[in-house]
Amino acid sequence: MPYPLDAAAVRTWCGLALEALGRERERIDAINVYPVADGDTGTNLYLTLESAARAVEAAFDGHASAGTQPDLAAAVGAMAHGALIGARGNSGTILAQLLRGMAQVLAAAPTGGSGAADALRRALRRAASAAYEAVAHPVEGTVLTVATAAADAAEQTAADAGEAAEAAEAAEVARAAHQGAVKALRATPGQLAVLGQAGVVDAGGCGLVALLGALADALSGEVTAEPVAVQAGGPVPEAAGCAVTPPGADGCADPHVGGPAFEVIYLLEAGDADVARLRDRLDRLGDSLVVVGGDGLWNVHVHVDDAGAAVEAGIEAGRPYRIRITHFGAGPRAKEPALAPRAVVAVMPGAGLAALCADAGATPVTVRPGEPPASGELVQAIRQAHAREVMLLPNDPELRHTAAAAAEQARAEGVRVALIPTRSAVQGLAALAVHEPGRSFDQDMVAMTAAAGATRYAELAVAEHRSWTMAGVCQAGDVLGLIDGDVVVIGPDLARTAMTVLDRMLSAGGELVTLVLGADVPASLAEGLERHVRERHLAVDTVVYEGGAHAAPLLIGVE
C-alpha cells in the first residue's frame, strides 16, 4: 500500500537513505575516479545525508512537545538545510543542491493522489536543473546525467498513463525515477572516458541511485535494499587511486598529478550579486567549482592551488565560516605517513578556542551555536588526527551520545579511542593541559578525566525572552549565570553577574580561575574580574583566553 508524500515519509526516506549509503559507502569510495580519484565520494554523501537526517529529526523533536508533527514543507526544508550546512566534498555539495531543488517544489505539494505524483515529477526536474546551475562546468556521465534521467523517467509515467494519469501515485513516480537512474548509471562509462578506462560507473551517480531507491521504498512501503551495481564490465579497482592507471602501467598513478593541490569548502553568508562575482573569481582560480544554496546562505566548493585566495574571495563576498581545506596528497596506494602515537580531538565553540587547541597540538572541531557536529564529522576529525590512539573531548553534555557513536565507529576502524566526559570548553582546556602522550593510554585517560572532573564550569548568557529559571523569572536582556548547566544568578549586566558567579564558585575553594571571553566582550571586563579575584580570594591565579566569534559572552572554569 503506497504511503502519502508527507513529513513522515520524508523522515522514513532519510532513515532508509542513510542505511543505504551506509551499506554502499565503501563500494562507492572504491570507484571514485572523477573529478578527483580521492576515494571519498561514498563517505561524503553519507556525511551530507547524515546532517540532513539530523535536521529532519530536530524538526520532529521541535513539534513533539505539542503532540504534533511538522508539515511536508517544514520536513523537506529541514532536510535541504541540513544537507546544505553539512555538505562534504564535490558530491555532497551537489546532493545538497538536488535536495534543495526538490524542497522548492515539494514545499507546496499535496500529500496524496495525482497531485502528489505530479509534484514529485516537478521536484525531480527542478532538482536536476538546480544541480546543473550550481556546477560551473557540467560534465555528462556524472551524477548530473543520472539526475536528469531520473526526472525524464518520472515524467514518462504521466505520458505512459495517458488519461489514467489521474490514478498515478507518488510511489510509482519514485520507482520509475529510480529505475531510470539505474539505467543512466549503467551508461556513464560510455559517456566519461575515465570511467570507461577504470571499468566502473560514476560514484556520485551511484549514490543518487541509492537515494532514489530509498525514496521509492519509503513511499511504497516495500524495502528492497538492493545493492547498486558499480561495475561496467571490468573489475572494481582495489583503490580509487589506481583506477586511472593506464593499462599495462606498473604501479599506481598519482590521481592528483596535474590537478589543483587543495579542496576548499566553506559556508557563506552573502547576497546573490556577491555570490555571482564570487563564482567568476573562483572559476578563474581553480576547477570543480560548485556553489549551492540561496536566501543568503551558500555552500562553496572548489579545487584550487591557492587555498588562501579562495578563502579571501569568500571574505570579500560575505562572511565565510566552517572553512575546510584538504590537501590532495598521493593516491590511496601511496605510502602512508607514520601514525602518531596519540592525539586529542576536541569540540570547541568559537575560532579562538579552536586556535588555542590547535596551538596545543589538538585537532579542533569548531562549531557554531545551534549547529552541533554530527557523529560522522567527529569520526572524520579522528581520522584526520592520524593517530593510533585518540582522546576525544566533546565539551558539551548534549554531545555525549554523538561522541560515543563516533568513538565506536573509530574503534571499529582500528583506532583506540577514549571518550573523556568533558561537559564544557573550560573542562576540555583543563584536560588538554594535563595530556601527556608519553605515558600509558590508561594513565593519560585517567589524568585527563580527573582534571576535567576537578574543574567546575560556568557560563554567562543573555536571556532572549522572559522565562522561568531555577533562580526565578528572567526578562529578555537579563544576564544569566549558569553553574554546571543550571541558572543560579540573574543579573543586570555582565560584570556584576560574573562577580557573583565567581564568588559562589570560589566559596568552595579553588586555585585557578580560567576566563574565556566572547568576541564582543571588552578586555576591561577580564581586567575587572582578575582584580576582583585578587582582592577577594587569596592565592587564586587567573588566566584569560579569547574565545572568538560564536563563543559564549563569558566562560568560567575553577580548578
Side-chain angles (χ1 to χ4, degrees), residues 10-12 14-23 25 43 46-65 69-70 75 78-79 81-83 85-86 88 322 343-350 353-354 357 362-385 389-428 430-432 445 448-449 452-453 455 457 459 482 484-486 550 552 555:
V10 173
R11 189 184 200 181
T12 302
C14 285
L16 293 176
L18 204 56
E19 290 178 10
L21 287 174
R23 291 192 304 268
R25 180 180 63 82
T43 298
Y46 180 87
L47 293 176
T48 301
L49 193 64
E50 183 183 48
S51 180
R54 284 171 59 92
V56 172
E57 287 302 318
F60 272 84
D61 290 344
H63 285 73
S65 59
Q69 71 174 27
M79 186 179 187
H81 181 72
I85 65 174
R88 297 290 187 275
R322 283 199 178 184
V344 176
V345 173
V347 178
M348 283 293 175
L353 286 170
C357 279
T363 299
V365 178
T366 310
V367 296
R368 287 164 51 91
E371 296 181 5
S375 62
E377 190 171 351
L378 297 184
V379 172
Q380 285 291 82
I382 291 172
R383 291 173 183 148
Q384 290 167 6
E389 301 172 344
V390 170
M391 301 297 183
L392 179 58
L393 312 179
N395 296 333
D396 184 338
E398 298 299 322
L399 290 179
R400 61 188 184 280
H401 297 308
T402 300
E408 283 302 316
Q409 183 173 339
R411 290 174 188 135
E413 296 178 7
V415 182
R416 190 179 186 187
V417 181
L419 180 56
I420 309 300
T422 50
R423 300 169 61 84
S424 168
V426 290
Q427 286 191 329
L432 187 56
M445 176 178 63
M448 295 178 74
T449 301
T455 302
Y457 63 94
E459 175 182 342
L482 297 85
D484 293 340
D486 296 322
H550 312 310
L555 297 177

For this session: Could you grab the distance from atom CG of Leu399 to atom NE2 of His401, nearest 0.5 Å is fine?
Result: 10.5 Å
Problem set entry | Min side-chain heavy-atom separation Met448-Leu393 under 4.5 Å | yes
Problem set entry | side chain to side chain contact (heavy atoms under 4.5 Å, CB included) against Ser51, all qualifying residues, sequence neighbours excluded | Ile85
Exercise. Mind checking whether Leu378 and Val347 have side chains closer than 4.5 Å, heavy atoms only?
Worked result: yes
Seminar exercise, completed: The reported gap from OH in Tyr46 to CZ in Arg23 (rounded to nearest 0.5 angstrom) is 11.5 Å
Exercise. If you take all heavy atoms of Ala403 and Leu392, which pair is closest and at what distance?
Worked result: O-CD2, 3.6 Å
Problem set entry | Sequence-distant partners of Glu398, salt bridge (Lys or Arg N to Asp or Glu O under 4.0 Å), two or more places apart | none
Side-chain donor-acceptor pairs of residues 417-428 under 3.5 Å, sequence neighbours excluded:
| residue | atom | partner | partner atom | Å |
| --- | --- | --- | --- | --- |
| Thr422 | OG1 | Asn395 | N | 3.0 |
| Thr422 | OG1 | Asn395 | OD1 | 2.8 |
| Arg423 | NE | Tyr457 | OH | 3.0 |
| Ser424 | OG | Val426 | N | 3.4 |
| Gln427 | OE1 | Arg423 | N | 2.7 |
| Gln427 | NE2 | Ala452 | O | 3.0 |
| Gln427 | NE2 | Thr455 | O | 3.0 |

Exercise. Which residues pass the side chain to side chain contact (heavy atoms under 4.5 Å, CB included) test with Ala52, sequence neighbours left out?
Worked result: Leu49, Met79, Ala83
For this session: Taking the side chain as every heavy atom from C-beta outward, state whether Arg411 and Val415 have any atom pair closer than 4.5 Å.
Result: no
Problem set entry | salt bridge (Lys or Arg N to Asp or Glu O under 4.0 Å) partners for Arg400, two or more places apart | none
Problem set entry | Nearest-0.5 Å distance, CG of residue Leu16 to CG of residue Leu21 | 11.0 Å
For this session: Compare all side-chain heavy atoms of Glu377 with those of Leu47 and state whether any distance is below 4.5 angstrom.
Result: no
Problem set entry | Partner residues of Arg25 under the side-chain hydrogen bond (donor to acceptor under 3.5 Å, both in side chains) criterion, sequence neighbours left out | Thr43
Seminar exercise, completed: Residues at least two apart in sequence or cross-chain that pass side-chain hydrogen bond (donor to acceptor under 3.5 Å, both in side chains) with Glu389, listed by chain then number, are Arg342
Exercise. Nearest heavy-atom pair of Ala55 and Ala78: which atoms, and what distance?
Worked result: CB-O, 3.2 Å
Problem set entry | Those residues that, when tested against Glu57, pass side chain to side chain contact (heavy atoms under 4.5 Å, CB included) (two or more places apart) | Arg11
Exercise. Does Gln384 have any side-chain hydrogen bond (donor to acceptor under 3.5 Å, both in side chains) partners at least two apart in sequence or in another chain, and if so, which?
Worked result: none
Exercise. Between Val56 and Cys14, which heavy-atom pair has the shortest distance, and what is it?
Worked result: CG2-SG, 3.8 Å
Exercise. Is the shortest heavy-atom distance from the side chain of Glu50 to the side chain of Leu18 under 4.5 Å?
Worked result: yes
Problem set entry | Residue list, side chain to side chain contact (heavy atoms under 4.5 Å, CB included) with Pro364, at least two apart or on another chain | Ala354, Cys357, Ala358
